[in-house]
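Beneath this line is the structure, given in structure tokens, with notes to follow.
Each ligand, and each atom within it, is numbered from 1 in the order the structure gives.
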Amino acid sequence: MSQQETSADDLNEIEQMDREHVFGTWSFQKEVNPTQITDTDGVTFTDADGNEYIDFSSQLMCSNLGHSADKVKTAVSEQIDEAAYVAPNYTTEARAKLGKKLAEVTPGDLSKTFFSTSGTEAVEAAIKIARFYTGKQKIISRYRSYHGATYGSISVTGDPRRLESEPGIPGTIKAPDPYAYGSTLDPMESLEYIDEMLELEGDTVAAVLVEPIVGSNGILVPPDEYLPRLKEIAHDHGALLICDEVMSGFGRTGEWFGSDVFDVEPDIMTMAKGLTGAYQPLGATIVNSEIAEHFEGNMLCHGHTYAGHPVAVAAGLATLETYQDENLIERSSEIGEYLADQIENLAEDHPSVGDTRGVGLFRGIELTKNSEERVPFGTREDKISSGSTVVDEVSATAAENGTYVANMINTLIIAPPLTITEDEIDDAIEALDAGLEIADQAMEN
Ligand SMILES: Cc1ncc(COP(=O)(O)O)c(C=O)c1O
């Protein structure tokens, strides 16, 4: 993901030290020029030169509470004083209470959680649990997806970042996606394709794994009937439905979870990011009571030193309480409508906006250099190539105008903290307006 463009000559001493000794993620290292951040406040952050940015993407779509969640900060420091770490065979008050609260806020019968430290670990646990429970090996996931960087998760990822790591773990199969703007396949047809895949694979598929609303691969919102029908198809073939809510969870969509948008109860759900609003690294894999029951008499052959880390779960509990106390889920839905209107106005002024889509505070602006032919500025190939695209330049210009907006392949990812105000949205939209001029000028038609 590209953020903003800084040249190596502009780096200060800290940035240079970092550049020399720390790897940048998902990057050609010669292109890594880190910007030192010295302060965060509300929905903004400030760099070492004193430039302030509105955080229009919640960093990596994870700082759902913004940067001033006092209750979470206090919970973290109090937990460090009380018991900074105990092994996973012990428990703490926050761990038990967070497990219970997750059972309450997640859909239906999801009731028992395995805690880890990241989204990718949450997905690893989901894959293993699905395999242990069903006794089957295969996982069907989709091409336009990202599920994490560790070996199991990158193997089920469809995004081109998986290619360097192939061959991945055995038994992973990719299916087409419900992508209405840039694919020739109708979204509901893509679903029938999965039905046929399950049929032809015989009784060997443990689970179908999807992001209910695809995040990194372009904020793809399926038709309303898609997810309920996918669950039916999976169950008809004896496979579980795993919903990866690492990005779409915790109010991002205007509901607690992306699954709630479609009124679907998955068999297993993965979470991270908004689970602590990024105040601590924490992942979670929750399963329904039937799957939980299976492990009463079968070993859950999985664990980490930091499974249920006391400080991380304390942050998680305070974060969930903050969502509830401040009605932030409802707020996301309401202010998400305002955001959608502003994005529509922006789209009318910029011919390079090919498509806008999303729900709540989870929105995407897909760009095109030729609106009739729907030709993208950034391609999947670009994602793993050196150099920058016009989409990167749009983000860089927005940053010059005081707004950080992440982009993935050909889509600007608009996912601000749930605490953002209308005025802050207006300021960020103004910066995007300046950025989109660059794309308009680069169009073919
Ligand atoms: C849907 C989804 N799953 C899994 C992950 C991996 O999470 P992490 O980077 O915390 O390992 C991500 C990260 O962006 C994600 O968006």
Residues pairing under side-chain hydrogen bond (donor to acceptor under 3.5 Å, both in side chains) where one sits in residues 272-286, two or more places apart or in two chains, turn out to be none
Under the criterion side-chain contact (heavy atoms from CB on, under 4.5 Å), which of N64, L339, D55 is the partner of P416?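 Single side-chain contact (heavy atoms from CB on, under 4.5 Å) partner of P416 among N64, L339, D55: L339.
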Between R95 (side chain) and P88 (backbone), is there a donor-acceptor pair under 3.5 Å? yes
So, using side-chain contact (heavy atoms from CB on, under 4.5 Å) as the criterion, who are the partners of K128 when residues are at least two apart?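 With neighbours one apart ignored, the set is F132, H302.
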Which is it for S190 and R142 under the side-chain hydrogen bond (donor to acceptor under 3.5 Å, both in side chains) test, yes or no, and what are the steps along the way? CA-CA 10 Å; S190 73; R142 299 180 308 199; over 6 Å; no
Note every protein N or O atom lying under 3.5 Å from an N or O atom of ligand 1, pairing the names and giving the distance.
unit_1   : atom_1 : unit_2 : atom_2 : d
ligand 1 : 3 (N)  : Y146   : O      : 3.4
ligand 1 : 3 (N)  : D244   : OD1    : 3.3
ligand 1 : 3 (N)  : D244   : OD2    : 2.6
ligand 1 : 10 (O) : G119   : N      : 2.9
ligand 1 : 11 (O) : G119   : N      : 3.4
ligand 1 : 11 (O) : T120   : N      : 2.8
ligand 1 : 14 (O) : K273   : NZ     : 3.0

Not counting sequence neighbours, list each pair that qualifies as a salt bridge (charged side-chain N to carboxylate O under 4.0 Å, His left out) and has a residue in residues 162-177.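 Residue pairs with at least one partner in residues 162-177: R144-D177, R162-E166.
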